[in-house]
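These numbers come from a predicted model, not from an experiment.
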Protein chains: 2
Amino acid sequence: MQEKETTKNFGAYMDRTIKLIKHNYTKSFKEIGVDITTEQWVILDSLNEKDGLSQNELASGSFKNAPTVSRIIDLLCKKDLTERKPSKEDRRKHHIFLTVKGRNTYLKALPIVEGLRKKGWNGLNDEDYDHFIRIMNQVFSNFEL
Amino acid sequence: MQEKETTKNFGAYMDRTIKLIKHNYTKSFKEIGVDITTEQWVILDSLNEKDGLSQNELASGSFKNAPTVSRIIDLLCKKDLTERKPSKEDRRKHHIFLTVKGRNTYLKALPIVEGLRKKGWNGLNDEDYDHFIRIMNQVFSNFEL
DNA sequence: TCAATATATTTGTCATAGCAACTATTGTTA
DNA sequence: TAACAATAGTTGCTATGACAAATATATTGA
């Protein structure tokens with residue numbers, strides 16, 4: 001029988017798992033010749049969902065901060081996967097759009113991502129997922145206050 | 001009733017939760033005047049558990065890679081929290097030890113860390129923890145192959 | 001023993017992330 | 001309207017992290 005720790009070091013488990021997940025994404029993207037990082041994928045995914053988001057909207061949607069998004073967009077634009085268009089209503093804002101190349105890249109990467117998600121959840125079921133989401137949301141809201 | 005996605009985007013939940021956890025650690029360390037980062041804490045914690053580990057051992061124990069550990073130890077030594085001592089058996093190796101200041105820093109930070117772990121698991125119980133660990137281990141081993 | 005190989009660590013480069021400070025613009029309010 | 005505050009984005013600085021290459025030392029095998 002396993003002794004219960006007085007405090008639960010759940011962070012370490014998440015940390016090592018996240019690192020391994022990102023490693024798998026990076027490796028798989030490279031294998032199919034898609035030149036993006038895991039974090040760049042997150043941004044492309046948001047834009048595919050809703051094109052023309054502002055950088056702030058991308059930031060809050062992906063839980064990144066403004067400088068990080070600014071620099072990721074720099075790189076994506078340099079690779080011609082996205083473009084910045086100045087907003088007409090608010091001249092401080094940029095709207096970010098997928099280019100044709102960006103959308104193609106997204107579509108090329110998508111089956112890989114879905115494959116990795118399936119692979120990662122192998123041996124687990126929908127109940128596990130519900131429980132997992134409940135735990136994650138609880139931990140998140142515990143720290144949010 | 002919630003529709004089940006075909007693929008489960010568990011990574012995003014872990015990502016945002018990890019970020020929030022680290023933010024809380026950083027903020028709390030600062031508040032009590034402990035000048036270390038979350039990742040530096042991880043290394044100090046390993047050394048408190050077993051002093052004199054080599055950098056490689058620290059790396060594999062904390063799921064960091066060798067260059068990252070090398071640089072974290074640089075910073076910890078600069079702050080006089082650890083010291084490198086050359087190994088006698090193997091002249092490639094260093095053994096890393098906590099200094100007195102390092103151990104005091106560890107002891108000062110420890111109750112904060114335990115408080116944050118308790119806070120994070122608030123509203124959750126031991127069964128949740130068992131399930132959480134099972135899920136994390138399963139996901140980890142799914143990607144390890 | 002000598003050459004090939006493996007291991008421990010360091011260094012360089014780039015991407016991500018957090019924080020602070022800055023610019024430019026917009027909104028508020030006295 | 002003029003000052004002030006708020007917002008969107010950028011830039012600088014530092015830390016972490018991944019990866020490749022370099023150095024120094026150890027180990028192995030012909």
- prompt: So with a 6.0 Å cut-off around CD of B:Glu31, is the heavy-atom count from everything else above 12?
  reply: yes

Could you give the [atom1]-to-[atom2] distance, from [X] to [N], as a whole number of Å?
X       : N      : atom1 : atom2 : answer
B:Gln55 : C:dT11 : CD    : C1'   : 13 Å
A:Asn56 : C:dT25 : CG    : C1'   : 13 Å
A:Leu58 : C:dT16 : CG    : P     : 14 Å

task: Select base, sugar-phosphate, or nothing to describe what A:Ser87 touches, counting heavy atoms under 4.0 Å on all strands.
output: nothing

message: Taking any heavy-atom pair under 4.0 Å as a contact, classify A:Asp90: base, sugar-phosphate, or nothing.
response: sugar-phosphate

query: Out of curiosity, A:His94 NE2 to A:Ser54 OG, how far, rounded to the nearest 0.5 Å?
result: 10.5 Å

- prompt: How many angstroms lie between CZ in A:Phe29 and CG in A:Asn24, if you round to the nearest 0.5 Å?
  reply: 11.0 Å

If you define the side chain from C-beta out and look only at heavy atoms, does anything of [X] sit under 4.5 Å from [Y]?
X        : Y        : value
B:Arg134 : B:Phe132 : no
A:Val34  : A:Ile112 : no
B:Leu20  : A:Val139 : no
A:Asn9   : B:Arg117 : yes
B:Phe143 : B:Gln138 : no
A:Ile133 : A:His131 : no

query: How far apart are the C-alpha atoms of A:Lys19 and A:Asp15, what are their side-chain angles, what is the distance that settles it, and do they pass the salt bridge (Lys or Arg N to Asp or Glu O under 4.0 Å) test?
result: CA-CA 6 Å; A:Lys19 278 176 186 160; A:Asp15 186 58; 3.1 Å; yes

Selection: residues 64-71 of chain A, any non-hydrogen atom under 4.0 Å of DNA chain C: A:Lys64, A:Asn65, A:Pro67, A:Thr68, A:Arg71

- request: Kindly state which residues belonging to residues 19-51 of chain A come within less than 4.0 angstrom of DNA chain C, counting heavy atoms of the residue only, listed by number.
  value: A:Thr37, A:Glu39, A:Gln40

query: Along DNA chain D, 5' to 3', what are the outermost nucleotides having an atom less than 4.0 Å from a heavy atom of chain A?
result: D:dA6 to D:dC19

task: Could you note down all residue pairs passing salt bridge (Lys or Arg N to Asp or Glu O under 4.0 Å) where residues 97-109 of chain B supplies at least one of them, sequence neighbours left out?
output: B:Asp51-B:Arg103

query: End-to-end bend of the helix from C:dT1-D:dA30 to C:dA30-D:dT1 (five-pair axes, 10° rounding)?
result: 10°

May I have the list of side-chain donor-acceptor pairs in residues 58-69 of chain A shorter than 3.5 Å, sequence neighbours left out?
from: A:Ser60; atom 1: OG; to: A:Asn56; atom 2: O; distance (Å): 3.4
from: A:Ser60; atom 1: OG; to: A:Glu57; atom 2: O; distance (Å): 3.4
from: A:Ser62; atom 1: OG; to: A:Leu58; atom 2: O; distance (Å): 2.7
from: A:Ser62; atom 1: OG; to: A:Ala59; atom 2: O; distance (Å): 3.4
from: A:Lys64; atom 1: NZ; to: A:Glu39; atom 2: OE1; distance (Å): 2.4
from: A:Asn65; atom 1: OD1; to: A:Thr68; atom 2: N; distance (Å): 3.2
from: A:Asn65; atom 1: OD1; to: A:Thr68; atom 2: OG1; distance (Å): 2.6

- prompt: So, B:Phe10 versus A:Trp121, ring centres under 6.0 angstrom or not?
  reply: yes

